[in-house]
Amino acid sequence: MSGPLRILVTGAAGAGSTTLAAALAGHLGCTCLDSDDYFWVKPEPPFQDRRSPEERLALLAADLERAPRCVLAGGIDGWGGPVEDAFDQIVFLYLDAAVRLERLRARELRRFGAADPEFLAWAAQYDEGAMDGRSLARQRAWLARRRCPVIEIEGDLSVAQRMAVVLENLPRSQA
């Protein structure tokens, strides 16, 4: 497990990208990063103030430079070539909307005591792409432009099952 390795785990909100990224990073001995940490400013309440595109690009690029072995969770579509094409492998998770929304409701209740209706409406429209931000069509088009291999994992699989698919597809020198 030596040498550079950068993996991006992405998909709709609630698809499990953060969970899988953390598990992969732990297994591979990599740094785990999350795009939300670059997209959002941290003060309370969370997820209110966005960083400028230039700031989030600079912050993520700097962390990728410091972490040649890392797994990044989240969406980085439109952030800029230096980070969008910085990966050796991309894992795209696709999960049925009803399952994703139930996961998101539960997560929001745990974190904040209530689920934000606007956030849930935004997450629910992912497959149709009716609102700004991540959508299935936009994400698939972005994935088609990437220079590295893209692995698609569909369905409500366990973290262990998803990890097995990813590890199976890593170059032998990295697994």
Side-chain angles (χ1 to χ4, degrees), residues 5-26 30-95 97 100-101 103-148 150 152-153:
L5 174 65
R6 291 191 181 119
I7 300 171
L8 171 65
V9 182
T10 192
S17 61
T18 301
T19 302
L20 180 59
L24 282 168
C30 296
T31 301
C32 189
L33 305 171
D34 192 311
S35 64
D36 278 346
D37 294 335
Y38 304 94
F39 190 87
W40 300 103
V41 178
K42 287 292 186 183
E44 294 299 324
F47 309 116
Q48 300 293 314
D49 297 315
R50 298 176 182 189
R51 292 186 200 279
S52 72
E54 299 80 15
E55 184 180 10
R56 68 179 178 239
L57 173 62
L59 290 169
L60 179 55
D63 281 355
L64 288 172
E65 184 66 30
R66 284 191 289 273
R69 290 185 59 81
C70 67
V71 182
L72 174 68
I76 57 168
D77 175 6
W79 287 32
V83 296
E84 291 181 42
D85 286 318
F87 298 91
D88 301 300
Q89 184 176 64
I90 296 174
V91 179
F92 173 63
L93 302 178
Y94 181 79
L95 189 57
R100 286 188 301 99
L101 291 172
R103 286 181 175 185
L104 290 171
R105 273 187 207 89
R107 183 181 79 189
E108 295 288 298
L109 286 172
R110 275 192 316 274
R111 282 184 177 173
F112 308 116
D116 178 354
E118 286 181 39
F119 171 67
L120 293 176
W122 172 82
Q125 64 77 47
Y126 173 82
D127 289 286
E128 290 79 33
M131 300 170 95
D132 287 340
R134 266 190 278 183
S135 72
L136 181 58
R138 179 177 169 164
Q139 205 156 37
R140 286 199 186 279
W142 181 83
L143 291 166
R145 296 190 305 272
R146 302 293 46 95
R147 297 177 186 162
C148 67
V150 175
E152 183 168 340
I153 302 174

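Count residues from 1 along the sequence.
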Inset, instruction - Give the minimum heavy-atom separation between Asp127 and Ala97, together with the two atoms involved. - result: OD2-CB, 3.7 Å

Inset, instruction - Ignoring hydrogens and angles, tell me if any N or O in the side chain of Arg103 forms a donor-acceptor pair with the backbone of Gly14 under 3.5 Å. - result: yes

Legend entry - Arg140, Arg138, Arg134 screened by salt bridge (Lys or Arg N to Asp or Glu O under 4.0 Å) with Asp77, the one that passes: Arg138

Inset, instruction - May I have all residue pairs that pass side chain to side chain donor-acceptor pair (under 3.5 Å) and include part of residues 13-25, sequence neighbours excluded? - result: Thr18-Asp34

Legend entry - Atom pair CG (Asp116) and CZ (Arg111), whose distance is rounded to the nearest 0.5 Å: 12.5 Å

Inset, instruction - Tell me, please, whether Trp142 has Arg146 positioned over its six-membered ring: NZ or CZ under 6.0 Å from the ring centre and within 45 degrees of its axis? - result: yes

Inset, instruction - On the 0 to 90° scale, with breaks at 30° and 60°, tag the Trp79-Tyr38 ring pair as parallel, tilted or perpendicular. - result: perpendicular

Inset, instruction - Look at the side chain of Gln139 and the backbone N and O of Leu136, then say whether any donor-acceptor pair between them is shorter than 3.5 Å. - result: no

Legend entry - Separation between CD1 of Ile153 and CG of Leu95, rounded to the nearest 0.5 Å: 11.5 Å

Legend entry - Shortest non-hydrogen contact between Ala115 and Glu108, atoms and distance: CA-CB, 3.6 Å

Inset, instruction - Take Val71 and Leu20 through the test side chain to side chain contact (heavy atoms under 4.5 Å, CB included) and record every step on the way to the result. - result: CA-CA 9 Å; Val71 182; Leu20 180 59; over 6 Å; no

Inset, instruction - Return the set of residues passing side-chain hydrogen bond (donor to acceptor under 3.5 Å, both in side chains) with Arg51 (not counting sequence neighbours), or none when no residue passes. - result: Glu55

Inset, instruction - Kindly indicate, with the supporting measurements, whether the criterion salt bridge (charged side-chain N to carboxylate O under 4.0 Å, His left out) is fulfilled by Lys42 and Asp37. - result: CA-CA 8 Å; Lys42 287 292 186 183; Asp37 294 335; 2.7 Å; yes

Inset, instruction - Kindly compute the distance separating CH2 (Trp40) from CG (Asp49), expressed to the nearest 0.5 Å. - result: 8.5 Å

Inset, instruction - Evaluate the side-chain proximity of Glu128 to Ser135: yes if any heavy-atom separation is below 4.5 Å, no if none is. - result: no

Legend entry - For the student: nearest non-hydrogen atoms of Ser35 and Gly74, plus distance: OG-CA, 3.2 Å

Inset, instruction - Can you measure from CZ (Arg100) to CG (Leu120) and round to the nearest 0.5 angstrom? - result: 10.5 Å

Legend entry - Heavy-atom closest contact (Ala13 atom, Trp122 atom, distance): CB-CZ3, 3.9 Å

Legend entry - Leu33 CG to Leu59 CG distance, which is reported to the nearest 0.5 Å: 11.5 Å

Legend entry - Atom pair CZ/CZ of Arg107 and Phe112 - distance to nearest 0.5 Å: 8.0 Å

Legend entry - The single option from Leu5, Thr10, Ile7, Leu72 passing side-chain contact (heavy atoms from CB on, under 4.5 Å) against Phe87: Leu72

